[in-house]
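Report on the following structure.
Remember, it's a predicted structure, so these values are computed and weren't measured experimentally.
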Amino acid sequence: MRALALLLLLVAAPADADGLRAVPYAALEAAPHRRVTFDTLPPAREPGHVLDALLRFDGVSIGKRLSGQELSETATRDGRFEELVGAPSLPLTVLAGPPRHNMAVAAHAGFGSNALFPLGPEGADRRGGRGEGAAVMLFDEGQWRLGLRVHADYADPLGTRPPRGALHLCFWDDDGRMIAHEIVTPGTGIMSLGWESNVPIRALSVTNTDPGGIAVDDILHQIDPATG
């Protein structure tokens with residue numbers, strides 16, 4: 001039977017073993033929050049708007065890596081992907097990637113809106129470079145609750161192949177320590193992911209080895225801890 005549900009595996013939690021737990025994305029939407037979308041730019045077909053600088057929104061900056069980290073490359077049968085190597089240095093600072101290898105924003109049929117495509121080793125000018133890259137979100141203040149939506153491109157209409165690839169999410173505190181590392185094995189289409197942490201999240205890094213790469217949209221962030 002084909003597994004359409006997400007497999008969430010918590011593989012490391014060096015800062016606090018109980019620091020992070022999954023919560024429904026809809027619960028974050030129902031509470032006070034700020035939402036990052038990419039619709040301030042006009043819709044454009046891929047490669048869309050290729051952006052070589054940091055992306056700045058209310059309360060969060062988006063780039064390629066944290067200072068102290070290096071971009072590396074991993075190759076699978078599905079393509080070339082970026083990975084992040086090393087621990088962040090302090091103070092936490094987010095950095096953009098090289099020209100034509102940073103981020104793109106383009107119209108996305110699955111989301112029905114613009115979405116963010118982290119550009120990979122092949123860059124903006126090749127189809128295999130769009131969605132295969134790293135993305136890092138650095139928040140102005142520690143976040144107790146956080147969510148985002150990710151589209152994974154795994155085309156298997158007959159449902160006969162096992163899932164391939166993975167989504168890696170690393171959560172960092174203000175001291176540059178990893179709160180948790182989650183590995184998500186996606187099905188096809190949009191995943192709505194949400195988390196709550198008892199260690200405030202200052203940064204979230206996202207890498208993947210998903211066939212076709214990923215697109216990101218609707219980032220939700222909340223400063224205040226849950227009460228009640």
The criterion is salt bridge (Lys or Arg N to Asp or Glu O under 4.0 Å); which residues satisfy it with Arg126, sequence neighbours excluded?
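Once residues adjacent in sequence are excluded, the partners of Arg126 under the salt bridge (Lys or Arg N to Asp or Glu O under 4.0 Å) criterion are Glu122.
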Within-4.5 Å side-chain heavy-atom neighbours: [X] and [Y]:
| X | Y | answer |
| --- | --- | --- |
| Trp144 | Ser197 | no |
| Asn198 | Arg21 | no |
| His221 | Val60 | yes |
| Leu84 | Leu71 | yes |
| Leu169 | Trp195 | yes |
| Leu55 | Leu116 | yes |
| Leu167 | Val206 | yes |
| Val150 | Asp210 | no |

Exercise. Can you check side chain to side chain contact (heavy atoms under 4.5 Å, CB included) on Arg34 and Ile223, steps first, answer last?
Worked result: CA-CA 9 Å; Arg34 285 182 281 183; Ile223 295 172; 3.1 Å; yes
Do [X] and [Y] land in one hydrophobic cluster if side-chain heavy atoms of ILVMFWY residues count as linked below 4.5 Å?
| X | Y | value |
| --- | --- | --- |
| Val216 | Ile201 | yes |
| Phe171 | Val184 | yes |
| Leu146 | Leu193 | yes |
| Leu119 | Ile62 | no |
| Leu95 | Met103 | no |

What's the separation between atom [atom1] in [X] and atom [atom2] in [Y], rounded to the nearest 0.5 Å?
| X | Y | atom1 | atom2 | answer |
| --- | --- | --- | --- | --- |
| Met191 | His151 | CE | NE2 | 9.0 Å |
| His181 | Ser205 | NE2 | OG | 8.0 Å |
| Asp218 | Leu28 | CG | CG | 12.0 Å |

Practice problem: Tell me, with the steps shown, if Thr207 and Phe81 meet side chain to side chain contact (heavy atoms under 4.5 Å, CB included). | Solution: CA-CA 8 Å; Thr207 58; Phe81 300 87; over 6 Å; no
Side chains of residues 130-139: which donor-acceptor pairs under 3.5 Å do they make with residues two or more places apart or in other chains?
residue	atom	partner	partner atom	Å
Arg130	NE	Glu46	OE1	3.1
Arg130	NH1	Ala124	O	3.0
Glu132	OE1	Arg130	N	3.2

Please check if the side chain of [X] supplies one atom and the backbone of [Y] the other of a donor-acceptor pair under 3.5 Å.
| X | Y | answer |
| --- | --- | --- |
| Ser192 | Ile190 | no |
| Asn114 | Leu41 | yes |
| Gln143 | Gln222 | yes |
| His49 | Pro42 | yes |

- Task: Under the side chain to side chain contact (heavy atoms under 4.5 Å, CB included) rule, what do Arg177 and Val199 come out as? Steps first, then yes or no, please.
- Result: CA-CA 10 Å; Arg177 296 177 300 180; Val199 178; 5.7 Å; no
Exercise. Which residue pairs satisfy the salt bridge (Lys or Arg N to Asp or Glu O under 4.0 Å) criterion with at least one member in residues 88-97, sequence neighbours excluded?
Worked result: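 Qualifying pairs, neighbours excluded: none.
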Practice problem: Sorted by first residue and then second, give each salt bridge (Lys or Arg N to Asp or Glu O under 4.0 Å) pair with at least one member in residues 59-69; sequence neighbours left out. | Solution: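 Matches after skipping sequence neighbours: Lys64-Glu82.
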Asp140, Asp175, Asp173, Asp174 screened by salt bridge (charged side-chain N to carboxylate O under 4.0 Å, His left out) with Arg202, the one that passes:
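One option only clears the test, and that one is Asp174.
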Next item on the list: For residues 95-105, pull every pair meeting side chain to side chain donor-acceptor pair (under 3.5 Å), keeping only residues two or more places apart or in separate chains.
Entry: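 Every pair satisfying side chain to side chain donor-acceptor pair (under 3.5 Å) with a residue in residues 95-105: Arg100-Asp125.
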I need the minimum non-hydrogen distance between [X] and [Y], along with the two atoms involved.
| X | Y | value |
| --- | --- | --- |
| Ser72 | Val85 | CB-CG2, 3.6 Å |
| Ala166 | Ile183 | CB-CG2, 3.9 Å |
| His108 | Ala115 | CB-CB, 3.9 Å |
| Ile214 | Pro118 | O-CD, 3.8 Å |
| Gly142 | Pro200 | CA-CB, 3.8 Å |
| Leu66 | Ala203 | CD1-CB, 4.0 Å |

What verdict does the side chain to side chain contact (heavy atoms under 4.5 Å, CB included) test give for Leu204 and Ile219, after you've listed the backbone C-alpha separation in whole Å, the side-chain angles of each residue and the deciding distance to 0.1 Å? CA-CA 11 Å; Leu204 169 63; Ile219 301 164; over 6 Å; no
*By side-chain contact (heavy atoms from CB on, under 4.5 Å), which residues pair with Ser89, not counting sequence neighbours?*
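Ser89 satisfies side-chain contact (heavy atoms from CB on, under 4.5 Å) with Ser67 once adjacent residues are dropped.
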* Just say parallel, tilted or perpendicular for the rings of Phe57 and Phe38, cut-offs at 30° and 60°. =>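 Ring orientation, 0 to 90° scale: perpendicular.
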Taking Asp217 first and then Arg149, would you say they form a salt bridge - that is, a charged N and a carboxylate O separated by under 4.0 Å?
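Looking at Asp217 and Arg149, the cut-off is not met.
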